[in-house]
Structure formats: structure tokens, C-alpha cells
Amino acid sequence: MGRRQIAKMVEKGDYEMTKHAYNQMIARNIFIKQVEEAVINGRVVNKWSEYGGDKLAIVGERYNGDNIKIIVKDCEIPKIITVCYPYEED
């Protein structure tokens with residue numbers, strides 16, 4: 001599918017988020033809207049293949065200028081796997 005198609009689906013709200021990703025957002029005080037905007041406007045910094053589909057690491061900017069990194073599984077309905085800061089391990 002690729003980042004552009006994923007961005008379009010996220011913009012429409014047509015995606016899933018894992019409980020892990022949600023918990024990581026809470027722990028880091030990152031809001032859903034910030035994650036969505038980072039996926040829509042961010043850039044792919046890494047891509048790898050795994051069972052069931054490719055995963056993309058997307059880095060995008062928050063409202064305060066900080067960058068966040070989102071790991072998205074590229075499948076029929078994109079799935080946000082985790083959310084962290086670029087300098088942290090996934």
C-alpha cells in the first residue's frame with residue numbers, strides 16, 4: 001500500500017491502534033491527533049518486511065516541534081503498533 005495510502009486512510013480515521021501503542025501514547029503525553037498528523041505529514045525513515053505485511057517507521061512533528069516516531073503495519077487496514085520518540089528504542 002505505501003505511506004501515501006496509509007496517510008489517506010489515517011486521515012479518514014480508517015486505521016487500528018494496538019493497546020500497546022495507546023499505552024505508549026499515554027506514558028509519553030502524546031495525543032491521538034498528534035499521531036494522526038505525524039503519519040499524514042511525516043516521512044518514512046525505515047521499512048522492513050515481516051510476516052503478515054511490511055512495517056514502516058514514520059517520523060513526524062508534534063505541535064511543539066518535537067518529533068515522534070510511529071510504527072505502522074502496512075496491511076488492508078493500517079495498524080499503529082507503537083508510538084515513541086525517535087531517540088528511543090521501538
Side-chain angles (χ1 to χ4, degrees):
M1 172 181 330
R3 196 206 64 83
R4 288 186 181 165
Q5 186 62 29
I6 289 171
K8 287 179 184 178
M9 293 181 77
V10 167
E11 193 168 33
K12 293 188 303 186
D14 192 13
Y15 68 94
E16 296 177 357
M17 181 175 294
T18 65
K19 185 174 182 174
H20 172 77
Y22 183 78
N23 289 338
Q24 295 302 307
M25 288 171 36
I26 299 296
R28 292 168 175 82
N29 200 30
I30 298 171
F31 302 103
I32 290 175
K33 187 67 176 166
Q34 295 170 342
V35 171
E36 291 173 345
E37 289 176 2
V39 172
I40 292 166
N41 299 312
R43 68 187 190 290
V44 175
V45 295
N46 197 4
K47 181 179 180 178
W48 63 99
S49 295
E50 287 191 2
Y51 178 77
D54 292 343
K55 287 188 179 176
L56 287 77
I58 300 172
V59 172
E61 195 171 296
R62 292 175 67 191
Y63 66 93
N64 63 359
D66 289 346
N67 286 324
I68 56 175
K69 179 169 64 173
I70 300 96
I71 307 299
V72 181
K73 186 170 185 176
D74 186 354
C75 48
E76 189 174 333
I77 297 175
K79 183 181 286 189
I80 296 174
I81 304 295
T82 194
V83 178
C84 61
Y85 294 107
Y87 53 82
E88 296 178 316
E89 291 296 318
D90 299 333

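Heavy atoms only: backbone and side chains are in, while hydrogens, waters and symmetry mates are out. Along the sequence shown, residues carry numbers from 1.
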**Prompt:** Are Ile32 and Ile40 in one and the same hydrophobic cluster, where Ile, Leu, Val, Met, Phe, Trp and Tyr link if side-chain heavy atoms are under 4.5 Å apart?
**Reply:** yes
**Request:** Of all the heavy-atom pairs spanning Ala38 and Gly60, show the shortest one and how long it is.
**Result:** CB-CA, 3.8 Å
**Request:** Could you pull out the closest heavy-atom pair between Val72 and Pro78, with the gap in Å?
**Result:** CG1-CB, 4.1 Å
**Cluster overlap Tyr15 with Ile30, hydrophobic side-chain contacts below 4.5 Å** = yes
**Complete:** When every non-hydrogen atom of Gln24 is compared with those of Val83, the smallest separation belongs to CB-O, 3.3 Å
**Asked** Can you check whether Arg28's main-chain N or O pairs, donor with acceptor, with Tyr85's side chain at less than 3.5 Å?
**Response** yes
**Item:** Smallest separation among heavy atoms of Asn67 and Glu61, with atom names
**Value:** OD1-CA, 3.6 Å
**Prompt:** Would you say Val10 and Phe31 are hydrophobically clustered, going by side-chain heavy atoms of ILVMFWY under 4.5 Å?
**Reply:** no
**Message:** Treating Gln5 as the side-chain partner and Gly2 as the backbone partner, does any N or O pair qualify as donor plus acceptor under 3.5 Å?
**Reply:** no
**Asked** With a 4.5 Å heavy-atom cut-off, do Arg3 and Ile58 have their side chains touching?
**Response** yes
**Message:** Determine whether a donor-acceptor pair (N or O, by modelled atom type, separation under 3.5 Å) exists between the side chain of Arg62 and the backbone of Val35.
**Reply:** no
**ILVMFWY cluster, Val45 and Tyr87 together (side-chain gap under 4.5 Å)** = no
**Asked** So, for Ala21 and Ile80, which heavy atoms are closest and what is the spacing to 0.1 Å?
**Response** CB-O, 3.6 Å
**Prompt:** What's the shortest heavy-atom distance between Glu76 and Met9, and which atoms?
**Reply:** O-CE, 3.3 Å
**Request:** Count the heavy atoms belonging to other residues, nucleotides or ligands that lie under 6.0 Å from CD of Glu50, then report whether that count exceeds 12.
**Result:** yes
**Message:** A quick test of your reading: do over 12 heavy atoms of other residues, nucleotides or ligands sit less than 6.0 Å from OH of Tyr22?
**Reply:** no
**Message:** Working note: Glu37 + Tyr63, criterion side-chain hydrogen bond (donor to acceptor under 3.5 Å, both in side chains); need CA distance, chi angles, decisive distance, verdict.
**Reply:** CA-CA 10 Å; Glu37 289 176 2; Tyr63 66 93; over 6 Å; no
**Message:** Please check: side-chain N/O of Thr18 versus main-chain N/O of Ile81, any donor-acceptor pairing under 3.5 Å?
**Reply:** yes
